[in-house]
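Only one structure is covered here, and it is reproduced in the block below.
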Amino acid sequence: MVSIEEINEIISQFDDYLFCLRSLKNISPLLKLIISELSTFIHDKKDRLIFTEITSGTKIEDVAKRCGISYDGICRRYKVISLRLQENMGFLTEYKKTITNQDLEIERLWIENRNMEYELRRLYKKALQNGLCIESPRSLTPVPLNAAKRICQPITRLTLAAYIRKCLTTLNIETIEDILRYALKNGLDSLLDLPGFGALGLAQLKFQLEKHKIIDKTGHSDLYQYIICEADN
């Protein structure tokens, strides 16, 4: 006679199976996308078809008939294709690293581009006021990749209370770059003028900026040299 514990164990196992089956409905599109991306690393068209079809769940027998290969032959070929893909996993890691570096390079160039725009506006204003006596533009200063990585971080990287994030959002401050530009132009203490911000909010923001080495205890930042504020209207 089957005990209650054994019955509960069997039911528990079937619950797990049912959960997995229900999850497949949501996961399947993602799996198909991953399979499709992996197949791009297979150069032989027939190998690519075999990998895509079998990995996607098509019966091995059907794939074998379509390709004109025996059942055992298609199994051996699929195994070889899979092993070849595993050998290329190191390449995939390097590929991901390259894409990440390219994204960072784009962000770095965006910073330099914005700096140049602000600099040109400032120089234009100065030219109108003082003729053609224009200082050498700081926008020609290149932004190193490590500085760009710190500057482009979203403000959400800082652990801030919800009301502080809400106040910063009203000023369109979404990144470390935004807060640095604001601090250079207005000073962080001016945030006290925002309704509901308060001294505690300012202290928490400064603490987080110091913790992430964006500013030091004196309020200075080594990143200021890569930031140019927009000219006043």
Side-chain angles (χ1 to χ4, degrees), residues 1-114 142-160 165 174-177 212-213:
M1 183 176 178
V2 181
S3 66
I4 295 297
E5 290 77 11
E6 289 175 323
I7 292 174
N8 288 335
E9 178 66 24
I10 294 171
I11 292 173
S12 176
Q13 290 178 4
F14 277 102
D15 281 343
D16 290 342
Y17 295 147
L18 287 172
F19 176 78
C20 290
L21 288 172
R22 293 192 191 101
S23 301
L24 281 176
K25 183 178 179 181
N26 297 324
I27 296 174
S28 289
L30 178 60
L31 291 177
K32 288 179 180 178
L33 180 62
I34 293 172
I35 293 168
S36 176
E37 288 296 319
L38 283 173
S39 70
T40 61
F41 295 98
I42 304 172
H43 301 296
D44 185 86
K45 289 184 179 180
K46 183 170 284 189
D47 283 352
R48 191 183 308 136
L49 173 66
I50 292 170
F51 173 80
T52 303
E53 291 295 311
I54 293 178
T55 310
S56 298
T58 305
K59 290 182 179 180
I60 296 176
E61 185 179 359
D62 293 341
V63 179
K65 287 180 180 178
R66 192 181 312 169
C67 295
I69 304 174
S70 68
Y71 187 93
D72 290 340
I74 202 84
C75 289
R76 287 194 297 270
R77 192 157 176 175
Y78 180 79
K79 184 178 180 180
V80 170
I81 296 167
S82 300
L83 289 173
R84 205 176 295 148
L85 278 176
Q86 288 180 24
E87 291 172 358
N88 289 331
M89 288 307 292
F91 167 77
L92 293 175
T93 302
E94 289 299 317
Y95 178 75
K96 181 181 178 182
K97 190 184 297 182
T98 300
I99 295 298
T100 301
N101 288 338
Q102 287 178 343
D103 289 342
L104 186 56
E105 175 67 11
I106 291 171
E107 292 291 348
R108 185 184 71 81
L109 292 173
W110 267 113
I111 295 170
E112 291 186 357
N113 181 65
R114 285 193 290 271
V143 179
L145 280 176
N146 62 340
K149 185 176 182 179
R150 295 164 63 200
I151 292 171
C152 293
Q153 292 181 93
I155 205 73
T156 50
R157 289 293 299 273
L158 307 180
T159 305
L160 300 171
R165 294 197 300 270
E174 299 177 351
T175 65
I176 297 300
E177 179 188 354
H212 288 79
K213 303 188 185 304

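For reference, positions follow the sequence shown, starting with 1.
Tested against Tyr78, the residues Ile54, Asp47, Leu83 include a single side-chain contact (heavy atoms from CB on, under 4.5 Å) partner, Ile54.
Arg48 contributes no side-chain N or O that, together with a main-chain N or O of Thr40, makes up a donor-acceptor pair within less than 3.5 Å.
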Do any side-chain atoms of residues 67-75 form donor-acceptor pairs under 3.5 angstrom with protein atoms, and if so which ones, sequence neighbours left out?
from  : atom 1 : to    : atom 2 : distance (Å)
Ser70 : OG     : Gly73 : N      : 3.0

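Residues Phe51 and Ile81 approach most closely at CB-CG2, 4.0 Å, considering heavy atoms.
The salt bridge (Lys or Arg N to Asp or Glu O under 4.0 Å) test applied to Arg66 returns Glu53, not counting sequence neighbours.
The shortest distance between side-chain heavy atoms of Ile42 and Leu85 falls below 4.5 Å. The closest side-chain heavy-atom distance from Ile155 to Ile176 is below 4.5 Å.
Between Arg77 and Asp44 a salt bridge is recorded (basic side-chain N to carboxylate O distance below 4.0 Å).
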